[in-house]
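The figures here come from the full heavy-atom set of this structure, side chains too, leaving out hydrogens, waters and symmetry mates. Along the sequence shown, residues carry numbers from 1. Note that the coordinates shown come from a computational prediction; the quantities given were computed from them, not determined experimentally.
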Amino acid sequence: MKKKVGNSMGQEEKYMDEYIKEISEKIEDKKEYYAKISDKIWEYAEPRFQEYKSSELLQQTLKKEGFSIKSNLAGEETAFIAEYGSGKPVIGFLGEFDALPGLSQKADTTERIPEEKTSDSKYESVPEREKKQNPGSGYTDNCGHGCGHQLIGTGTLAAVIALKDFMKAHNLKGTIRYYGCPAEENAGGKAFLVRDGYFNDCDLALCWHPEQGRRACYGSTKANFRVFFTFYGTPAHASMCPELGRSALDAVELMDVGVNYMREHMIDEARIHYAITDTGGDAPNVVQSRAQVLYAIRAPKITQVKELYNRVCNIAKGAALMTETTVEIRQVAAYSNLISSKILADHMNTYLEKLGPIPYTEQEYAYAQKFQQSLSDQDKNQLPTIARDYFGPKAPEAMKTPIFEPIACQNLYSDLKYSTDVGDVSWIVPTVHLNIPTFAAGTALHSWQAVAQGKSSIAHKGMLYAAKIMALTALDFLQNPELANQARKELTETLNGETYPNPLPKDLKPEIW
């Protein structure tokens, strides 16, 4: 199919409206089907690199739709690529489906009530096996989708299926790929796929994420290292012969103090957080011979993260010296900063304007209002700030409803404070990151309130809306392959001679930790 180009702007608008109608109908006709898939992944709630049932469900769905499947990629059992079509351009869609530990929550409840889960999985023995093999791994079966990855994975699924059907109906050439990307949370699964070359022949990458408003932003994200510091000391009876002991827990605490003092002497945009993952046991009368802390080190650029990482390592070595212990330093993940494609974002924002606001019912507004009232006072106080960040001078209008609609975001450039492994993809492939609301305004990502709203009709509507925007954007580039060349040229100019930093250690393999 060749792109329909009319003799006037009016004719082009007519054809665009036809595409919007056809793609939208293909997605809406299966909306109950996609809602069930999303809800099933919500129920599975599987953590990083263990998304066995979620990955299998998505693969089987795509296989039935005529996609070829390659799985178990880059050492990640749950990673896969589903492909349809042939030739250029090759357009990638990034699907995620991992959940977060500690966020199990009953759906649609405005009180903190963990969900009681049952398992019908052949992988039911995984939790106990992991706990035995790696007691400090942090594995938990008490997970929940507090970041909306069940919606991301399924919305992206809906986009590629609709686009595949459109390509088939109109004999449109090109290749579309669904990248099944595990472990976005904490482990940066896409970085391993990038390192192993699975994006080398890809021309574009599209993805989306639940957020507070509708926009395809031009912003960046923070680069991020995840690093374990494990200290080893000497056990002893803490009362009878403390002089014989050397406390690994003391070393962890001294390290944390040292890093906290370092905060005054690093750039304002940097962030460092930690979790003590092994305190050395629960017996205070035994000097702890092993203790462990996990650090997340963030900054706007990978080079800045590397500098901070070296300083944190020196602090760890100093803590070991002070306590006469030894320290093992093990980097387990790395995320590069995001480089946004303005060309792709502009096409997305055109369709955001054409599709207009997501229509909600009075019942859905009441549902969102109920959850907004459940937020903490601190979260409620942040609402005006969030609204200003997204909508600028139109913030008061956005705040009239408990979901940030009906206007689209005004601030399209933003330096985002979180990290994502989409950043690694964006260094080698022109990439765009779409934001669509799927919950009550003010709902924090990684919160139980986000989990509770994950099966709502609001969430499903946002998911399908994102699918339409991604499919329509990809359609522009399939119909006019020259646009892909322009996006590639834009990325080259943005990099200005820089190359992908590949921040993963060369010998690092994906692992459950």
Side-chain angles (χ1 to χ4, degrees), residues 3 5 87-94 174-177 179 181 188 190-191 193-209 215-224 267 269 298-307 334-353 409-435 469-470 472-504:
K3 185 175 181 182
V5 180
K88 291 285 191 175
V90 178
I91 302 180
F93 293 77
L94 310 182
T175 304
I176 54 174
R177 284 183 188 157
Y179 284 87
C181 304
K190 295 183 192 67
L193 293 168
V194 172
R195 187 183 67 179
D196 285 11
Y198 288 101
F199 286 91
N200 286 355
D201 63 341
C202 194
D203 294 304
L204 308 167
L206 290 77
C207 64
W208 81 283
H209 203 289
R215 70 175 176 186
C217 64
Y218 310 148
S220 185
T221 57
K222 291 190 185 299
N224 184 359
I267 58 174
E269 297 84 3
R298 306 184 200 243
K301 296 181 179 180
I302 276 288
T303 52
Q304 296 166 327
V305 175
K306 287 182 176 178
E307 179 188 347
Y335 302 71
S336 298
N337 50 293
L338 178 71
I339 299 172
S340 300
S341 168
K342 188 175 184 300
I343 290 174
L344 274 164
D346 285 345
H347 279 261
M348 274 194 169
N349 284 314
T350 295
Y351 284 112
L352 284 168
E353 185 177 345
C409 295
Q410 303 297 300
N411 295 338
L412 298 180
Y413 186 86
S414 178
D415 282 324
L416 306 169
K417 301 189 186 305
Y418 55 80
S419 303
T420 174
D421 55 8
V422 174
D424 293 273
V425 177
S426 74
W427 275 80
I428 64 169
V429 179
T431 301
V432 65
H433 203 277
L434 173 68
N435 294 152
I469 297 294
M470 288 193 295
L472 288 163
T473 302
L475 185 56
D476 282 354
F477 287 78
L478 287 171
Q479 292 187 115
N480 186 359
E482 176 57 28
L483 290 173
N485 295 331
Q486 294 175 21
R488 173 63 62 179
K489 180 181 177 183
E490 178 191 59
L491 176 60
T492 301
E493 291 173 352
T494 300
L495 291 175
N496 192 27
E498 285 190 82
T499 57
Y500 175 54
N502 193 9
L504 290 172

- Query: Is Val432 close to Cys207 at the side-chain level, that is, under 4.5 Å between some pair of heavy atoms?
  - Reply: no
- Item | Residue pair Met470 / Leu475, side-chain heavy-atom distance below 4.5 Å | no
- Of all heavy-atom pairs between Gly219 and Leu338, which one has the smallest distance, and what is that distance? O-CD2, 3.7 Å
- Task: Taking the side chain as every heavy atom from C-beta outward, state whether Leu193 and Phe199 have any pair of such atoms under 4.5 Å apart.
- Result: yes
- Item | From OG1 (Thr420) to OH (Tyr335), nearest 0.5 Å | 7.5 Å
- Residue list, side-chain hydrogen bond (donor to acceptor under 3.5 Å, both in side chains) with Glu482, at least two apart or on another chain: Asn485
- Going by the angle between their ring planes, with limits at 30° and 60°, are Trp427 and Tyr500 parallel, tilted or perpendicular? tilted
- Query: Do the non-hydrogen side-chain atoms of Met348 and Leu206 ever get within less than 4.5 Å of each other?
  - Reply: yes
- Pairs satisfying salt bridge (charged side-chain N to carboxylate O under 4.0 Å, His left out), at least one member in residues 334-344, at least two apart: Lys342-Asp346
- Interatomic distance, Ile91 atom CD1 to Ile176 atom CD1 [nearest 0.5 angstrom]: 8.0 Å
- Message: I'd like to know if the side chain of Gln304 and the backbone of Lys301 have a donor-acceptor N/O pair within less than 3.5 Å.
- Response: yes
- Message: A side-chain contact here means heavy atoms from C-beta on lying under 4.5 Å apart; do Ser336 and Pro503 qualify?
- Response: yes
- Using a 4.5 Å cut-off on heavy atoms from C-beta on, say whether the side chain of Leu344 contacts that of Leu204. yes
- For the pair Ser426 (side chain) and Ser340 (backbone), establish whether a donor and an acceptor sit closer than 3.5 Å, ignoring hydrogens and angles. no
- The reported gap from CZ in Phe93 to SG in Cys202 (rounded to nearest 0.5 angstrom) is 9.5 Å
- Message: Salt bridge check, Lys88 against Asp203: does any charged N sit closer than 4.0 Å to a carboxylate O?
- Response: yes
- Message: I'd like to check Arg298 versus Val305 (side-chain heavy atoms, cut-off strictly below 4.5 Å). Are they in contact?
- Response: no
- Message: Could you check whether any side-chain heavy atom of Tyr218 comes within less than 4.5 Å of a side-chain heavy atom of Ser341, counting everything from C-beta outward?
- Response: no
- Note on the structure: Nearest heavy-atom approach of Lys222 to Ser419 is O-OG, 2.8 Å
- Task: Under the ring-ring contact (aromatic ring centres under 6.0 Å, His included) rule, collect the residues that match up with Phe477, sequence neighbours excluded.
- Result: His347
